[in-house]
Amino acid sequence: MDWQSLKQDEVLERLRTDAVYGISELQAEKRRAVYGENKLMEKKKKNLFLQFLAQFSDFMVLILLAAAAISFVISYLNADQDYVDSIIILAIVVLNAVIGVIQESRAEHAIEALRKLSTPHARVIRSGKTMQIPSGAVVPGDIVLLETGDLVPADLRLLEATDLTAEESALTGESVSVEKNADVLVSPEAALGDRQNMLFFGSSVSGGRGKGVVVGIGMDTQMGHIAGMINREETPQTPLQKRLAQTGKILGIGAIGICAVIFVLGLLQKTDPLEMFMMSVSLAVAAIPEGLPAVVTIVLAVGVRRMAAHHAIVRRLPAVETLGSASVICSDKTGTLTQNRMTVTEICTLEGVQTGEVAQELLRMAALCNNCTVENGNVRGEATEAALVKACTVSKIELEKKYPRIREIAFSSRRKRMTTIHRLNNGRFLILMKGAPDVLMQYCSGCRQANSVIPMDAGVRLKLSRKNEEMAARALRVLGVAYRETAALPRDTAAAESGLVFYGFVGMQDPPRPRVADSVHLCKNAGIRPVMITGDHKTTAAAVAREIGILETDGVVLTGAELDRMDDQAMQQAVTRCRVFARVSPEHKVRIVKAYQALGETVAMTGDGVNDAPALKTADIGCAMGRSGTEVAKAAADLILTDDDFTTIVSAVREGRGIYENIRRTVHFLLSCNIGEILTVFASVLMRLPAPLLAIQLLWVNLVTDSLPALALGVEPIAKDVMEHPPVRRKEGLFSGGLWYSILIEGCLIGALSLLAYTIGRVFFDSDASMPVIGRTMAFAVLSLSQVAHTFNMRSLKSIAQTGLLSKSKLLPAAAVCLLLQISVISIPPLAAVFRTVPLSGMQWLIILALSVVPLVMVELERRIPHNRQKAPVKQMKKSKK
């Protein structure tokens with residue numbers, strides 16, 4: 001249907017709706033049953049069986065399956081009916097596949113829950129009442145109300161448009177906002193960008209207000225037509241997952257090479273080819289940390305859930321990783337650092353502070369030049385405007401009846417002012433303007449004094465500027481109010497906004513949030529630079545920043561005008577010493593973020609308005625306000641703060657750091673254990689000794705004593721001192737800080753201990769050195785239990801004496817389960833027969849215990865020795881920056 005070429009009445013008639021009354025709830029339900037939900041069709045999800053089959057696509061899993069098949073065929077041909085190896089391998093592969101499906105399902109449910117939490121809403125008129133509903137519940141015929149910052153919930157034919165502009169780049173590729181006009185008719189052949197009387201699903205309102213009727217939802221929208229042609233790509237891996245996958249690939253190639261060498265050496269030593277083949281394949285699988293992606297997914301999912309419980313909804317998983325390395329937090333002032341509960345505390349004119357009728361007359365003007373609405377006694381709208389309406393003793397509804405608005409020139413961050421035109425009872429017109437006082441004075445030719453108007457000369461302008469500065473210095477948000485009465489309706493914006501009379505100032509106070517000063521202090525201790533970026537007056541911004549600790553007594557405050565005079569190089573120098581930026585535009589915010597990024601900083605940026613969206617996209621972490629934020633800001637953000645609190649950002653950074661550290665510890669543990677397994681077998685082959693470990697034993701170690709502790713490490717509680725260290729630098733790798741060195745040393749230690757246990761058992765306890773059953777069992781036990789002990793080294797860089805062995809941790813139950821299982825496969829005869837172990841004596845268990853705790857003792861001793869190579873403390877780092 002070419003709705004753009006139909007008149008408004010015809011559109012309403014065809015959709016069986018009313019511009020004032022809308023449709024009823026009953027009609028909406030019936031239409032939803034016909035048209036379905038207002039959402040784009042998603043790629044069909046795989047069922048559980050297909051998800052299960054997908055788990056077998058991994059290269060190493062295919063090798064395992066091939067090994068199981070070869071083992072089965074050879075056992076069958078030899079008629080020994082020994083299918084234990086093939087059955088165990090197959091069981092392990094199936095178990096891993098089941099775990100993978102469970103993890104994927106949990107991740108999907110978690111992401112779906114987060115999607116629901118961040119679903120956009122729409123304001124509609126139903127049965128004559130304005131209400132807010134989820135955008136998915138919108139149906140054809142709904143009357144939708146829109147204002148600056150809203151996302152368009154469906155395709156709309158406009159009924160009203162007041163200075164309405166829309167950003168439609170997602171559909172048209174045109175980055176410039178498009179002006180809309182509800183009264184024009186457009187040709188059916190007109191391009192999307194030329195359909196001035198239409199708004200499209202997925203676009204956003206960049207200015208003004210409007211009302212439209214829904215003509216298309218979901219897949220019937222223009223966005224839906226595009227979505228129908230797109231085959232959705234799979235969710236991309238996070239940067240950390242890519243680094244881990246690359247690491248795994250390198251390790252895998254190296255492991256396969258080593259295993260090939262072991263296989264060839266075994267053949268040269270005339271070892272059974274099948275046994276060496278199974279050993280080599282099992283060792284390859286044990287050497288590759290194929291469980292790492294799954295562990296990373298679990299850790300991220302747990303972190304996302306914890307963040308959601310603390311009022312931070314993660315929209316993009318990479319944000320969780322990046323949060324941990326945030327080194328600069330650029331925050332808006334109003335509502336984030338402050339409570340966003342503006343209250344009028346002072347009315348001032350050229351003559352001084354006013355009360356009584358003068359103050360109320362000025363407030364009546366401010367309440368008229370205002371887009372707040374009053375419903376059932378409740379004032380809805382932006383906090384500053386709501387404060388003006390609440391302070392006025394006359395109802396806004398009564399004022400609008402007496403002085404009806406006939407035109408509005410909307411506020412924008414660029415204009416810093418709002419203008420409305422009202423019809424008076426005598427047929428004349430009243431022009432009202434409110435906004436930044438310094439901006440308003442440019443459009444005024446006179447100033448109110450007592451009951452007269454005096455010229456706006458340089459002296460009057462200076463006095464007004466000083467009063468503005470005095471009020472702002474007391475952390476008041478100051479708005480100016482101006483007016484003009486005219487006999488003729490102004491032709492255009494320029495005519496309306498000229499020759500006004502400056503009436504006075506309204507001072508409002510927005511107190512800081514209770515815990516924000518503590519959070520700012522925590523940021524500084526963590527090596528994070530808190531920065532305030534606001535459109536407020538320089539003096540007001542500085543006063544609030546000093547109160548909460550962002551700005552020192554002699555700190556620097558820069559304005560947008562000063563930034564305009566700087567090139568990029570000067571800007572980079574400026575941001576290193578500045579903590580507060582005032583009177584800035586959206587372009588300034590983007591420049592500030594880019595300047596910090598050019599210096600190698602990882603920047604988190606908060607915002608709530610349309611004007612913040614470019615900076616939110618540019619920042620490494622965009623944080624939108626969940627309560628006060630516009631849908632455009634939320635769509636551009638990586639993180640949504642449901643309580644609009646700066647403290648929540650700091651908590652999210654803490655969570656991000658904890659997640660990164662847990663993943664790093666898990667990588668450290670898995671790789672050191674895998675290297676230990678490789679060295680145990682490789683060294684024994686080089687020394688021409690019988691195999692110290694069988695294939696089935698290596699597979700067991702890989703499944704139990706690698707996976708369970710690794711998962712426990714991944715969900716360890718966040719260290720108390722995680723915010724006492726500097727952030728991870730942007731270019732700092734996962735293995736920085738000597739991690740590779742530690743992994744190699746610890747891996748060699750675990751391998752040497754296993755080989756030592758094997759040698760002791762083979763030399764002192766086995767009756768036949770060529771059939772080292774006891775030695776193999778002891779090596780198997782030491783390899784497994786030393787890894788379990790080693791997990792306690794991974795919990796912290798501090799010694800156990802400082803952290804405590806019995807502190808709250810998931811490692812203790814994981815270690816207990818591993819210990820119980822390992823004892824079972826050695827001591828319970830049926831299991832011992834499967835794993836080809838023998839029961840051990842008390843002396844042998846004492847030797848195993850002594851060798852298994854060596855990694856714990858060695859690392860503990862190493863940590864008690866002073867080192868020169870340590871991370872720089874945060875305080876030293878701060879001094880170096882200065």
Side-chain angles (χ1 to χ4, degrees), residues 1-40 120-168 171 178-188 190 192-225 371 373 408 631:
M1 180 70 70
D2 298 317
W3 299 102
Q4 72 272 12
S5 60
L6 302 178
K7 293 181 179 179
Q8 293 179 8
D9 292 343
E10 191 175 353
V11 172
L12 293 170
E13 184 179 348
R14 292 196 181 194
L15 291 168
R16 300 190 307 280
T17 187
D18 184 85
V20 177
Y21 183 83
I23 58 175
S24 67
E25 285 293 337
L26 181 60
Q27 288 175 308
E29 288 297 328
K30 289 181 178 178
R31 296 185 185 196
R32 192 173 299 113
V34 175
Y35 297 102
E37 288 190 47
N38 177 32
K39 63 179 184 180
L40 298 179
H121 289 76
R123 277 200 308 143
V124 301
I125 299 175
R126 286 188 180 169
S127 301
K129 295 180 180 179
T130 300
M131 60 180 65
Q132 185 168 277
I133 63 173
S135 61
V138 170
V139 296
D142 261 325
I143 305 300
V144 178
L145 302 176
L146 294 161
E147 56 189 31
T148 303
D150 286 343
L151 287 178
V152 181
D155 281 5
L156 309 177
R157 170 64 162 88
L158 284 170
L159 303 175
E160 296 177 9
T162 303
D163 297 316
L164 186 66
T165 57
E167 197 276 313
E168 298 176 343
L171 279 170
V178 181
E179 292 186 4
K180 296 295 180 177
N181 188 333
D183 300 322
V184 300
L185 293 180
V186 181
S187 166
L192 289 181
D194 297 327
R195 298 180 189 180
Q196 291 178 277
N197 58 5
M198 297 285 294
L199 284 175
F200 300 107
F201 176 45
S203 60
S204 59
V205 178
S206 52
R209 295 181 294 125
K211 181 166 78 171
V213 58
V214 176
V215 296
I217 65 170
M219 297 303 291
D220 291 329
T221 62
Q222 294 296 330
M223 186 68 77
H225 294 159
N371 280 333
T373 58
E408 173 191 341
E631 299 298 346

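Throughout, residue positions are numbered sequentially from 1 according to the sequence presented. All heavy atoms count here, side chains included; hydrogens, waters and symmetry mates do not.
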Inset, instruction - Would you check if the side chain of N38 reaches a backbone N or O of P153 as a donor-acceptor pair within less than 3.5 Å? - result: yes
Inset, instruction - Indicate yes or no for a side-chain donor-acceptor contact from R16 to the backbone of G141 under 3.5 Å, with no hydrogens or angles considered. - result: no
Legend entry - Short side-chain to backbone donor-acceptor contact, Q8 and A182, under 3.5 Å: yes
Inset, instruction - Find the distance between CD (Q222) and CG (L192) and round it off to the nearest 0.5 Å. - result: 4.5 Å
Inset, instruction - Check whether any side-chain heavy atom of I133 lies under 4.5 Å from a side-chain heavy atom of V138, and answer yes or no. - result: yes
Inset, instruction - Answer whether the closest heavy-atom distance between the side chains of E147 and L145 falls below 4.5 Å. - result: no
Inset, instruction - Answer yes or no: is there a side-chain heavy-atom contact under 4.5 Å between R14 and W3? - result: yes
Legend entry - Minimum-distance pair of heavy atoms, taken over all atoms of L146 and V205: CB-CG2, 4.0 Å
Legend entry - Considering all heavy atoms, the nearest R31-V139 contact: CB-CB, 4.1 Å
Inset, instruction - Could you check if a side-chain atom of V214 sits within less than 4.5 angstrom of a side-chain atom of Y35, using non-hydrogen atoms only? - result: no
Legend entry - M198 and V186, any side-chain heavy atoms less than 4.5 Å apart: no
Legend entry - Smallest separation among heavy atoms of N197 and Q4, with atom names: ND2-O, 2.8 Å
Legend entry - Sole candidate of L156, I217, L151, D155 that passes side chain to side chain contact (heavy atoms under 4.5 Å, CB included) when paired with F201: D155
Legend entry - Side-chain (K180) to main-chain (E160) donor-acceptor, under 3.5 angstrom: no
Inset, instruction - Check for a donor-acceptor pair, side chain of T165 on one end and backbone N or O of E179 on the other, with a separation under 3.5 Å. - result: no
Inset, instruction - For the pair K211 (side chain) and A19 (backbone), establish whether a donor and an acceptor sit closer than 3.5 Å, ignoring hydrogens and angles. - result: yes
